[in-house]
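Along the sequence shown, the residues carry numbers beginning at 1.
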Amino acid sequence: MRLKEDDEACREALKSGKVLLYHKLSPLLRKTSSGYKLASLKTSGFNTNPFKFFHFINKRILHIHLYNCIPISLDLEQILEKVGKDKHIVNESFLLGCTDKDEPQFSLDVGDLDRSALEQECRGMFVDLRKAFFMIPGPESPLAAKGQALLRWHQTNCFCSATGQPTVRNQSGSFRVCHSSGITYYPKMAPVVIVLVSDGSRCLLARQAMFPPGMYSALSGFCDMGESVEEALHREVAEEVGLEVENLQYSGSQHWPFPQSSFMLACHATVNPDKTQVNIDKAELEDARWFTYEEITEALQNLPRDPRREPPVFWVPPSYAIANQLLQEWANHQQLSRKLHGLK
(Lines give C-alpha, C1' and ligand atoms only; values in the text may rest on other atoms or scores of the structure.)
Protein backbone atom coordinates (compact mmCIF):
# COMPACT_ATOMS: atom_id res chain seq x y z
CA MET A 1 0.00 0.00 0.00
CA ARG A 2 2.84 2.41 0.83
CA LEU A 3 4.40 1.96 -2.61
CA LYS A 4 1.08 2.79 -4.28
CA GLU A 5 0.66 6.05 -2.40
CA ASP A 6 4.24 7.25 -1.81
CA ASP A 7 5.84 8.43 -5.06
CA GLU A 8 9.36 8.58 -3.64
CA ALA A 9 9.12 5.11 -2.12
CA CYS A 10 7.87 3.77 -5.44
CA ARG A 11 10.74 5.37 -7.36
CA GLU A 12 13.19 3.86 -4.90
CA ALA A 13 11.58 0.42 -5.25
CA LEU A 14 11.84 0.67 -9.03
CA LYS A 15 15.63 0.90 -8.75
CA SER A 16 15.82 -2.70 -7.57
CA GLY A 17 12.54 -4.10 -8.85
CA LYS A 18 11.67 -6.46 -11.66
CA VAL A 19 9.88 -5.28 -14.79
CA LEU A 20 7.59 -7.28 -17.04
CA LEU A 21 8.09 -5.99 -20.56
CA TYR A 22 5.23 -5.67 -23.08
CA HIS A 23 5.26 -4.70 -26.74
CA LYS A 24 1.90 -3.28 -27.79
CA LEU A 25 0.36 -5.15 -24.82
CA SER A 26 1.99 -8.50 -25.71
CA PRO A 27 4.11 -9.83 -22.80
CA LEU A 28 7.72 -10.92 -23.19
CA LEU A 29 8.26 -14.67 -22.73
CA ARG A 30 11.46 -16.67 -22.45
CA LYS A 31 11.92 -20.32 -23.29
CA THR A 32 13.29 -22.51 -20.52
CA SER A 33 14.08 -26.21 -20.23
CA SER A 34 10.53 -26.79 -18.97
CA GLY A 35 8.64 -24.51 -21.37
CA TYR A 36 7.93 -20.79 -21.50
CA LYS A 37 7.87 -18.30 -18.62
CA LEU A 38 7.21 -14.61 -18.18
CA ALA A 39 10.45 -12.69 -18.56
CA SER A 40 11.22 -10.21 -15.81
CA LEU A 41 14.14 -7.83 -16.15
CA LYS A 42 16.09 -6.14 -13.40
CA THR A 43 16.36 -2.37 -13.46
CA SER A 44 19.61 -2.34 -11.47
CA GLY A 45 21.66 -4.36 -9.01
CA PHE A 46 22.59 -7.15 -11.42
CA ASN A 47 25.90 -7.04 -13.22
CA THR A 48 27.32 -9.82 -15.35
CA ASN A 49 30.87 -9.01 -14.16
CA PRO A 50 31.37 -11.29 -11.11
CA PHE A 51 34.52 -9.47 -9.92
CA LYS A 52 32.72 -6.14 -9.67
CA PHE A 53 29.78 -7.82 -8.02
CA PHE A 54 32.01 -9.44 -5.39
CA HIS A 55 32.66 -6.10 -3.69
CA PHE A 56 28.98 -5.69 -2.83
CA ILE A 57 27.76 -9.11 -1.80
CA ASN A 58 28.90 -12.10 0.18
CA LYS A 59 30.27 -15.29 -1.33
CA ARG A 60 27.01 -17.17 -1.07
CA ILE A 61 25.08 -14.64 -3.12
CA LEU A 62 28.02 -14.35 -5.51
CA HIS A 63 27.77 -18.09 -6.13
CA ILE A 64 24.06 -17.77 -6.89
CA HIS A 65 24.77 -14.87 -9.23
CA LEU A 66 27.38 -16.82 -11.15
CA TYR A 67 25.01 -19.74 -11.46
CA ASN A 68 22.27 -17.50 -12.76
CA CYS A 69 24.46 -15.31 -14.95
CA ILE A 70 22.17 -15.91 -17.93
CA PRO A 71 19.77 -13.68 -19.94
CA ILE A 72 17.37 -13.38 -16.96
CA SER A 73 19.93 -11.10 -15.26
CA LEU A 74 20.09 -8.65 -18.15
CA ASP A 75 19.80 -5.04 -17.11
CA LEU A 76 16.77 -3.30 -18.58
CA GLU A 77 18.40 0.11 -18.87
CA GLN A 78 21.29 -1.37 -20.84
CA ILE A 79 18.89 -3.11 -23.20
CA LEU A 80 16.94 0.10 -23.80
CA GLU A 81 20.11 2.03 -24.60
CA LYS A 82 21.22 -0.68 -27.04
CA VAL A 83 18.00 -0.32 -29.03
CA GLY A 84 18.27 3.47 -29.06
CA LYS A 85 15.87 4.41 -26.27
CA ASP A 86 16.51 6.71 -23.31
CA LYS A 87 16.93 4.46 -20.28
CA HIS A 88 14.80 6.81 -18.20
CA ILE A 89 11.72 5.36 -19.89
CA VAL A 90 11.94 2.80 -17.08
CA ASN A 91 10.40 5.47 -14.84
CA GLU A 92 7.19 5.08 -16.85
CA SER A 93 6.68 1.58 -15.43
CA PHE A 94 3.56 0.80 -13.42
CA LEU A 95 3.55 -0.97 -10.07
CA LEU A 96 1.89 -4.40 -10.08
CA GLY A 97 2.62 -5.34 -6.49
CA CYS A 98 5.22 -7.33 -4.59
CA THR A 99 6.20 -10.99 -4.62
CA ASP A 100 6.01 -13.23 -1.54
CA LYS A 101 9.60 -12.15 -0.90
CA ASP A 102 8.57 -8.46 -0.96
CA GLU A 103 10.26 -7.85 -4.30
CA PRO A 104 8.42 -5.09 -6.21
CA GLN A 105 7.13 -5.92 -9.69
CA PHE A 106 6.32 -3.47 -12.48
CA SER A 107 5.03 -3.50 -16.05
CA LEU A 108 6.25 -1.39 -18.96
CA ASP A 109 5.05 -1.20 -22.57
CA VAL A 110 7.71 -0.43 -25.19
CA GLY A 111 5.49 -0.69 -28.25
CA ASP A 112 7.20 2.24 -29.98
CA LEU A 113 10.50 0.34 -30.16
CA ASP A 114 11.64 -2.18 -32.76
CA ARG A 115 10.16 -5.51 -31.74
CA SER A 116 12.75 -7.80 -33.31
CA ALA A 117 15.65 -5.82 -31.86
CA LEU A 118 14.13 -6.01 -28.39
CA GLU A 119 13.47 -9.73 -28.68
CA GLN A 120 17.07 -10.30 -29.69
CA GLU A 121 18.46 -8.24 -26.81
CA CYS A 122 16.07 -9.78 -24.27
CA ARG A 123 16.54 -13.34 -25.55
CA GLY A 124 12.80 -13.81 -25.69
CA MET A 125 9.70 -13.16 -27.75
CA PHE A 126 6.58 -11.03 -27.38
CA VAL A 127 3.44 -13.17 -27.53
CA ASP A 128 -0.22 -12.17 -27.76
CA LEU A 129 -1.68 -12.58 -24.29
CA ARG A 130 -4.39 -15.05 -25.37
CA LYS A 131 -1.71 -17.33 -26.79
CA ALA A 132 0.59 -16.74 -23.83
CA PHE A 133 -2.04 -18.19 -21.49
CA PHE A 134 -1.50 -21.57 -23.14
CA MET A 135 2.29 -21.33 -22.88
CA ILE A 136 3.15 -20.02 -19.43
CA PRO A 137 2.62 -21.73 -16.05
CA GLY A 138 -0.84 -21.19 -14.57
CA PRO A 139 0.37 -19.19 -11.53
CA GLU A 140 1.97 -16.62 -13.87
CA SER A 141 -1.21 -15.94 -15.82
CA PRO A 142 -2.85 -13.52 -13.34
CA LEU A 143 0.31 -11.41 -13.23
CA ALA A 144 0.55 -11.26 -17.02
CA ALA A 145 -3.12 -10.30 -17.20
CA LYS A 146 -2.81 -7.61 -14.53
CA GLY A 147 0.22 -6.11 -16.24
CA GLN A 148 -1.56 -5.82 -19.56
CA ALA A 149 -4.79 -4.51 -18.02
CA LEU A 150 -3.02 -1.72 -16.14
CA LEU A 151 -1.05 -0.69 -19.22
CA ARG A 152 -4.17 -0.65 -21.37
CA TRP A 153 -6.10 1.43 -18.83
CA HIS A 154 -3.40 4.10 -18.74
CA GLN A 155 -3.14 4.17 -22.53
CA THR A 156 -6.88 4.83 -22.85
CA ASN A 157 -7.29 7.32 -19.98
CA CYS A 158 -4.76 9.99 -20.87
CA PHE A 159 -7.42 12.72 -21.00
CA CYS A 160 -10.12 13.93 -18.65
CA SER A 161 -13.65 13.09 -19.81
CA ALA A 162 -14.97 16.34 -18.30
CA THR A 163 -12.44 18.86 -19.60
CA GLY A 164 -10.50 17.08 -22.34
CA GLN A 165 -7.29 18.11 -20.62
CA PRO A 166 -4.42 15.63 -20.11
CA THR A 167 -4.47 13.53 -16.96
CA VAL A 168 -1.32 12.95 -14.93
CA ARG A 169 -0.45 9.65 -13.29
CA ASN A 170 1.11 9.15 -9.89
CA GLN A 171 4.38 7.20 -9.81
CA SER A 172 2.86 3.79 -9.08
CA GLY A 173 0.12 4.22 -11.66
CA SER A 174 -2.68 3.57 -9.15
CA PHE A 175 -4.58 6.66 -10.35
CA ARG A 176 -4.57 9.61 -12.79
CA VAL A 177 -5.55 13.20 -11.98
CA CYS A 178 -6.87 16.05 -14.09
CA HIS A 179 -5.39 19.17 -12.52
CA SER A 180 -7.86 21.34 -14.42
CA SER A 181 -11.02 19.75 -12.97
CA GLY A 182 -9.54 18.10 -9.89
CA ILE A 183 -11.07 14.75 -10.89
CA THR A 184 -9.16 11.62 -9.90
CA TYR A 185 -9.51 8.53 -12.10
CA TYR A 186 -8.86 5.00 -10.83
CA PRO A 187 -8.40 1.82 -12.90
CA LYS A 188 -11.76 0.08 -13.32
CA MET A 189 -13.06 -3.35 -14.25
CA ALA A 190 -16.39 -4.05 -15.94
CA PRO A 191 -18.59 -6.66 -14.15
CA VAL A 192 -19.38 -9.72 -16.26
CA VAL A 193 -21.51 -12.73 -15.37
CA ILE A 194 -20.35 -16.11 -16.63
CA VAL A 195 -22.59 -19.13 -16.09
CA LEU A 196 -22.44 -22.84 -16.74
CA VAL A 197 -26.00 -24.01 -17.38
CA SER A 198 -26.91 -27.65 -16.71
CA ASP A 199 -30.05 -29.74 -17.19
CA GLY A 200 -28.88 -32.26 -14.63
CA SER A 201 -26.87 -34.61 -16.86
CA ARG A 202 -25.52 -32.25 -19.54
CA CYS A 203 -24.06 -28.76 -19.60
CA LEU A 204 -24.55 -26.02 -22.15
CA LEU A 205 -21.60 -24.40 -23.90
CA ALA A 206 -21.50 -21.84 -26.67
CA ARG A 207 -19.04 -20.20 -29.03
CA GLN A 208 -18.74 -16.78 -30.60
CA ALA A 209 -17.45 -16.25 -34.11
CA MET A 210 -14.31 -14.62 -32.68
CA PHE A 211 -13.37 -17.78 -30.72
CA PRO A 212 -10.53 -19.97 -31.98
CA PRO A 213 -11.81 -22.90 -34.11
CA GLY A 214 -13.39 -25.62 -32.01
CA MET A 215 -13.43 -23.76 -28.68
CA TYR A 216 -16.64 -23.62 -26.64
CA SER A 217 -17.13 -21.86 -23.33
CA ALA A 218 -19.75 -20.98 -20.72
CA LEU A 219 -22.30 -18.25 -21.43
CA SER A 220 -21.27 -14.77 -20.38
CA GLY A 221 -22.30 -11.16 -20.66
CA PHE A 222 -21.78 -7.71 -19.19
CA CYS A 223 -24.00 -6.55 -16.35
CA ASP A 224 -26.27 -3.67 -17.35
CA MET A 225 -26.30 -0.52 -15.28
CA GLY A 226 -28.24 -1.12 -12.04
CA GLU A 227 -28.48 -4.90 -12.45
CA SER A 228 -27.68 -7.43 -9.78
CA VAL A 229 -25.63 -10.51 -10.68
CA GLU A 230 -28.78 -12.63 -10.53
CA GLU A 231 -30.72 -10.32 -12.81
CA ALA A 232 -27.90 -10.13 -15.34
CA LEU A 233 -27.52 -13.90 -15.37
CA HIS A 234 -31.24 -14.57 -15.93
CA ARG A 235 -31.33 -11.98 -18.71
CA GLU A 236 -28.19 -13.18 -20.51
CA VAL A 237 -29.26 -16.83 -20.59
CA ALA A 238 -32.74 -15.89 -21.82
CA GLU A 239 -31.38 -13.53 -24.49
CA GLU A 240 -28.60 -15.74 -25.82
CA VAL A 241 -30.13 -19.22 -25.76
CA GLY A 242 -33.81 -18.72 -24.86
CA LEU A 243 -33.70 -20.73 -21.61
CA GLU A 244 -35.21 -19.92 -18.23
CA VAL A 245 -32.83 -20.42 -15.32
CA GLU A 246 -34.26 -21.96 -12.16
CA ASN A 247 -31.47 -22.23 -9.57
CA LEU A 248 -28.19 -20.36 -9.19
CA GLN A 249 -25.05 -21.11 -7.24
CA TYR A 250 -22.08 -18.74 -6.95
CA SER A 251 -18.70 -20.29 -7.74
CA GLY A 252 -16.02 -17.59 -7.73
CA SER A 253 -14.58 -14.51 -9.42
CA GLN A 254 -11.64 -13.59 -11.59
CA HIS A 255 -10.07 -10.63 -13.32
CA TRP A 256 -10.09 -11.22 -17.08
CA PRO A 257 -8.17 -8.81 -19.35
CA PHE A 258 -10.50 -9.23 -22.34
CA PRO A 259 -12.02 -7.40 -24.11
CA GLN A 260 -10.33 -4.77 -21.97
CA SER A 261 -10.59 -5.39 -18.23
CA SER A 262 -13.47 -7.49 -16.94
CA PHE A 263 -14.42 -8.74 -13.49
CA MET A 264 -15.85 -12.22 -14.03
CA LEU A 265 -18.52 -13.41 -11.57
CA ALA A 266 -18.92 -17.15 -12.11
CA CYS A 267 -22.04 -19.18 -11.30
CA HIS A 268 -23.65 -22.54 -11.92
CA ALA A 269 -27.30 -22.60 -13.01
CA THR A 270 -29.88 -25.26 -13.72
CA VAL A 271 -32.86 -25.41 -16.06
CA ASN A 272 -35.88 -27.68 -16.20
CA PRO A 273 -34.82 -30.96 -17.90
CA ASP A 274 -38.08 -30.83 -19.87
CA LYS A 275 -37.34 -27.34 -21.21
CA THR A 276 -33.93 -27.56 -22.85
CA GLN A 277 -34.68 -26.43 -26.38
CA VAL A 278 -31.98 -23.93 -27.32
CA ASN A 279 -32.89 -20.86 -29.37
CA ILE A 280 -29.63 -19.19 -30.32
CA ASP A 281 -29.27 -15.44 -30.72
CA LYS A 282 -27.23 -15.45 -33.92
CA ALA A 283 -26.20 -11.84 -33.37
CA GLU A 284 -24.34 -12.94 -30.22
CA LEU A 285 -23.42 -16.58 -30.77
CA GLU A 286 -22.23 -18.73 -33.61
CA ASP A 287 -23.35 -21.95 -31.92
CA ALA A 288 -24.57 -23.37 -28.61
CA ARG A 289 -25.27 -26.96 -27.68
CA TRP A 290 -25.47 -29.47 -24.87
CA PHE A 291 -22.43 -31.57 -23.97
CA THR A 292 -22.30 -34.85 -22.07
CA TYR A 293 -20.13 -35.68 -19.08
CA GLU A 294 -17.92 -37.85 -21.27
CA GLU A 295 -17.34 -35.05 -23.79
CA ILE A 296 -16.46 -32.57 -21.06
CA THR A 297 -14.04 -34.86 -19.21
CA GLU A 298 -12.24 -35.67 -22.45
CA ALA A 299 -11.96 -31.98 -23.33
CA LEU A 300 -10.60 -31.13 -19.87
CA GLN A 301 -7.92 -33.79 -20.23
CA ASN A 302 -6.88 -32.72 -23.71
CA LEU A 303 -6.41 -28.97 -23.55
CA PRO A 304 -4.33 -27.62 -26.44
CA ARG A 305 -0.94 -26.66 -24.97
CA ASP A 306 0.71 -25.14 -28.02
CA PRO A 307 -1.27 -22.48 -29.92
CA ARG A 308 0.86 -23.13 -33.00
CA ARG A 309 -0.53 -26.66 -33.34
CA GLU A 310 -3.89 -27.65 -34.79
CA PRO A 311 -6.51 -27.51 -31.99
CA PRO A 312 -8.88 -30.42 -31.27
CA VAL A 313 -12.31 -30.48 -32.91
CA PHE A 314 -13.84 -29.58 -29.54
CA TRP A 315 -11.92 -27.94 -26.72
CA VAL A 316 -12.50 -25.64 -23.76
CA PRO A 317 -10.76 -22.58 -22.28
CA PRO A 318 -7.36 -23.04 -20.58
CA SER A 319 -6.99 -23.91 -16.91
CA TYR A 320 -6.41 -20.27 -15.96
CA ALA A 321 -9.85 -19.21 -17.21
CA ILE A 322 -12.67 -19.35 -14.69
CA ALA A 323 -14.82 -21.05 -17.35
CA ASN A 324 -12.46 -24.00 -16.98
CA GLN A 325 -13.02 -23.94 -13.21
CA LEU A 326 -16.79 -24.11 -13.74
CA LEU A 327 -16.36 -27.12 -16.02
CA GLN A 328 -14.07 -28.87 -13.55
CA GLU A 329 -16.58 -28.32 -10.74
CA TRP A 330 -19.47 -29.58 -12.89
CA ALA A 331 -17.51 -32.68 -13.95
CA ASN A 332 -16.56 -33.44 -10.34
CA HIS A 333 -20.18 -33.10 -9.27
CA GLN A 334 -21.29 -35.41 -12.06
CA GLN A 335 -18.65 -37.97 -11.13
CA LEU A 336 -19.77 -37.97 -7.50
CA SER A 337 -23.41 -38.26 -8.50
CA ARG A 338 -22.63 -41.24 -10.74
CA LYS A 339 -20.80 -43.01 -7.95
CA LEU A 340 -23.72 -42.50 -5.59
CA HIS A 341 -26.09 -43.98 -8.15
CA GLY A 342 -23.76 -46.84 -9.07
CA LEU A 343 -22.99 -45.52 -12.56
CA LYS A 344 -19.62 -45.48 -14.32
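Stacking of Arg115 on the aromatic ring of Phe126 is not recorded, the 6.0 Å distance cut-off and the 45° axial limit not both being met.
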Checklist entry - After noting the C-alpha distance and the side-chain angles of Lys275 and Asp199, does the key distance pass the salt bridge (Lys or Arg N to Asp or Glu O under 4.0 Å) rule? => result CA-CA 9 Å; Lys275 298 179 180 179; Asp199 67 354; over 6 Å; no

Checklist entry - Ser261 and His255: side chain to side chain donor-acceptor pair (under 3.5 Å), yes or no, with the steps? => result CA-CA 7 Å; Ser261 191; His255 167 253; 3.0 Å; yes

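The heavy-atom pair separating Cys122 from Leu28 by the smallest distance is CB-CD2, 3.7 Å.
With salt bridges taken as basic N to acidic carboxylate O contacts below 4.0 Å, one links Glu140 and Lys37. Salt bridge present: Glu103 and Lys42 bring a charged side-chain N and a carboxylate O closer than 4.0 Å.
Between atom SG of residue Cys223 and atom CZ of residue Phe263 there is a gap of 10.0 Å, rounded to the nearest 0.5 Å. Tyr36 contributes atom OH, which lies 15.5 Å from atom CZ of Phe134 (distance to the nearest 0.5 angstrom). If you take OH on Tyr22 and CG on Leu151, they are separated by 6.5 Å, rounding to the nearest 0.5 Å.
Within a 6.0 Å sphere centred on NZ of Lys188, other residues, nucleotides and ligands contribute more than 12 heavy atoms. By the neighbour-count criterion of 12 heavy atoms within 6.0 Å, atom CD of Gln120 is sparsely surrounded, having that number or fewer from other residues, nucleotides or ligands.
Side-chain atoms of Asn324 never come within 3.5 Å of backbone atoms of Tyr320 as a donor-acceptor pair (strictly under, hydrogens ignored). Arg176 places a side-chain N or O within donor-acceptor distance of the main-chain N or O of Asn157, the cut-off being under 3.5 Å. Between the side chain of His23 and the backbone N or O of Leu113, at least one donor-acceptor pair lies under 3.5 Å. A donor-acceptor pair is defined here as one N or O able to donate and one able to accept, closer than 3.5 Å; no such pair exists between the side chain of Lys31 and the backbone of Gly35.
Side-chain atoms of Trp330 and Ile296, non-hydrogen and from C-beta on, do get closer than 4.5 Å to each other.
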